[in-house]
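Right, one structure below, let's go through it.
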Number of protein chains: 2
Amino acid sequence: MALEHDHPINPQRVAATRRRVLSAQDGEQVADTLRLLGDPVRARIVSALREAGELCVGDLALVLDVSDSSVSHALRLLRTAGVVRNRRDGRVIYYRLAPDAVAPRVLDALTPPPVPGERER
Amino acid sequence: MALEHDHPINPQRVAATRRRVLSAQDGEQVADTLRLLGDPVRARIVSALREAGELCVGDLALVLDVSDSSVSHALRLLRTAGVVRNRRDGRVIYYRLAPDAVAPRVLDALTPPPVPGERER
DNA sequence: ATACTATTCGTACGGTTGCAGAGATGTCCA
DNA sequence: TGGACATCTCTGCAACCGTACGAATAGTAT
């Protein structure tokens, strides 16, 4: 029951990977972003804004067939995270994707490994 | 208190977007994948496997500086979702990324809009 | 028997959503 | 103009549910 052993099976691979792996801190940030988009409503809001350019809360709710409240809650999180921006036009508030909605680092974390020939070291 | 109104502010934009937006069903799938990777341990496991090629549970725990239990829990989810695969070598089980770890559709959902000139319609 | 990993169980935590009410803005009409 | 009313959106609250993680136990191979 070595639930907490301390000597690697492959020491050099561990050491090499340790240096290049996403740090705990960066891992948090990447995970935060992915978790934010890991909700059907929020993911579909991003999709809708990508297609429409900009939409107001009520129309987003109609497009997605969910409640205004749910959309509003979701938009607040997206706005706080800088994924979307808004502009007011009378009593209507239009939302659009921020230019750099998803940080490149996040996409890097999802794309396949560099080259299927080089490995450790 | 129109928390559930029924006529769009921009009917044609709503109709057009409705047709192209991520469906509720696809939205679920995309969100599932993103939520799966939206955890620091799991995101860093993917990162580590991307760098190292393959690693066993214990070494992954050392690389990430988390408990074996946590890694094992995380790997089960990743394995079930088809993100990683494993091979047994004696009593050690090595994990590696699946070829199509992250579905292209998921990446599409994150990449910026097509062209910053065309909009609706 | 030992080493490595998987599973089960319990628990604590956080997140999503609906509801109700408040804020903000525009419209209408005397 | 002023003031009521309608429309759109936001927020706080609470309930419900899922999920992550540790501990203990079981499985698998040498």
Side-chain angles (χ1 to χ4, degrees), chain A residues 1-10 14 24 27-28 31-45 54-81 84-95, chain B residues 1-11 14 24 27-28 31-45 54-81 84-96:
Chain A
M1 104 302 251
L3 272 184
E4 230 60 51
H5 56 200
D6 52 341
H7 48 53
I9 293 209
N10 191 327
V14 168
E28 290 282 354
D32 283 348
T33 299
L34 294 177
R35 182 154 23 88
L36 181 70
L37 300 175
D39 169 87
V41 174
R42 296 192 293 265
R44 295 178 72 215
I45 284 178
E54 69 177 12
L55 285 168
C56 60
V57 178
D59 282 1
L60 263 173
L62 287 173
V63 166
L64 304 181
D65 196 37
V66 299
S67 71
D68 290 1
S69 174
S70 184
V71 169
S72 185
H73 278 298
L75 282 173
R76 177 162 53 131
L77 295 181
L78 292 172
R79 178 169 19 101
T80 300
V84 303
R85 307 206 176 150
N86 57 19
R87 94 185 154 82
R88 169 155 238 149
D89 179 26
R91 40 189 168 185
V92 178
I93 299 180
Y94 288 99
Y95 282 83
Chain B
M1 109 295 260
L3 273 186
E4 229 63 48
H5 56 199
D6 52 342
H7 51 60
I9 294 213
N10 192 327
V14 167
E28 290 282 354
D32 282 348
T33 299
L34 294 177
R35 184 155 20 91
L36 181 69
L37 300 175
D39 170 87
V41 173
R42 295 193 292 265
R44 295 177 74 216
I45 284 177
E54 68 177 12
L55 285 169
C56 60
V57 177
D59 283 2
L60 264 172
L62 288 173
V63 165
L64 304 181
D65 196 36
V66 299
S67 73
D68 290 2
S69 174
S70 183
V71 170
S72 186
H73 279 301
L75 283 173
R76 177 162 55 123
L77 295 180
L78 292 173
R79 180 170 17 104
T80 299
V84 303
R85 306 203 177 153
N86 57 20
R87 88 183 160 85
R88 168 155 240 151
D89 179 25
R91 43 191 169 188
V92 178
I93 299 180
Y94 289 98
Y95 282 84
R96 64 185 185 283

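Values below: every heavy atom of this structure, side chains too, minus hydrogens, waters and symmetry copies. Bear in mind that the values here come from a model prediction, so they are computed numbers and not experimental data. Chain letters run A, B, ... following the sequence lines, proteins first and then strands; every chain starts at 1.
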Could you give the [atom1]-to-[atom2] distance, from [X] to [N], as a whole number of Å?
X       : N      : atom1 : atom2 : value
A:Leu78 : D:dT9  : CG    : P     : 16 Å
A:Arg76 : C:dG18 : CZ    : P     : 15 Å
B:Tyr95 : C:dT5  : OH    : P     : 9 Å
B:Ile9  : D:dT7  : CD1   : P     : 11 Å
B:Leu75 : C:dA6  : CG    : C1'   : 11 Å
A:Leu37 : C:dG15 : CG    : P     : 15 Å
B:Ile93 : C:dT7  : CD1   : C1'   : 13 Å
A:Asp68 : C:dA24 : CG    : P     : 19 Å

Pull out every protein N or O sitting under 3.5 Å from an N or O of nucleotides 28-30 of chain D, one pair per line with the distance.
none

Could you grab the distance from atom [atom1] of [X] to atom [atom2] of [Y], nearest 0.5 Å is fine?
X       : Y       : atom1 : atom2 : answer
A:Asp32 : B:Asp39 : CG    : CG    : 10.5 Å
A:Leu60 : A:Ser72 : CG    : OG    : 10.5 Å
A:Asn86 : A:Tyr94 : CG    : OH    : 12.5 Å

Polar atoms only, N or O, under 3.5 Å: list the protein pairs with nucleotides 14-21 of chain D and their distances.
residue, atom, partner, partner atom, Å
D:dA20, OP1, B:Arg42, NH1, 2.8
D:dA20, OP1, B:Arg42, NH2, 2.5

Practice problem: Describe, as an angle rounded to 10 degrees, how the axis at the first end of the helix from C:dA1-D:dT30 to C:dA30-D:dT1 is tilted relative to the axis at the last end, five pairs per end. | Solution: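 End-to-end axis angle for the helix from C:dA1-D:dT30 to C:dA30-D:dT1: 30°, rounded to 10°.
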
Suppose we screen for side chain to side chain contact (heavy atoms under 4.5 Å, CB included). Which residues come up paired with [X], at least two apart in sequence or across chains?
X       : value
B:Ala43 : none
A:Ala81 : A:Leu36, A:Val83
B:Arg91 : none

Practice problem: Tell me what B:Tyr94 touches on the nucleic acid: a base, only sugar-phosphate, or nothing, going by heavy atoms under 4.0 Å. | Solution: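 No contact.
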
Quiz item: Looking at side-chain heavy atoms only, is the closest gap between A:Thr80 and A:Arg76 below 4.5 Å?
Solution: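 A:Thr80 vs A:Arg76: side chains touch.
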
Quiz item: Got A:Leu62 and A:Asp59 here, is their nearest side-chain heavy-atom distance under 4.5 Å?
Solution: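 With C-beta onward as the side chain, the pair touches.
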
Quiz item: Any idea which of D:dT11, C:dT5, D:dT9 is nearest the A:Val57 side chain?
Solution: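 Among D:dT11, C:dT5, D:dT9, the one nearest the side chain of A:Val57 is D:dT9.
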
Quiz item: Do any N or O atoms from the side chain of B:Arg44 and from the backbone of B:Leu64 form a donor-acceptor pair under 3.5 angstrom?
Solution: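 Flag set: sc B:Arg44 to bb B:Leu64 pair under 3.5 Å.
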
Quiz item: Taking all atoms of both residues into account, what is the closest heavy-atom pair of A:Arg42 and A:Arg35, and its distance?
Solution: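 Closest heavy-atom pair between A:Arg42 and A:Arg35: NH2-O, 3.4 Å.
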
Quiz item: So does B:Ser72 get a side-chain nitrogen or oxygen closer than 4.0 Å to the phosphate oxygens (OP1/OP2) of C:dT5?
Solution: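 The answer is no; no side-chain N or O of B:Ser72 sits under 4.0 Å from OP1 or OP2.
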
Quiz item: Please walk me through it: do A:Val92 and A:Val57 pass side-chain contact (heavy atoms from CB on, under 4.5 Å)?
Solution: CA-CA 8 Å; A:Val92 178; A:Val57 178; over 6 Å; no

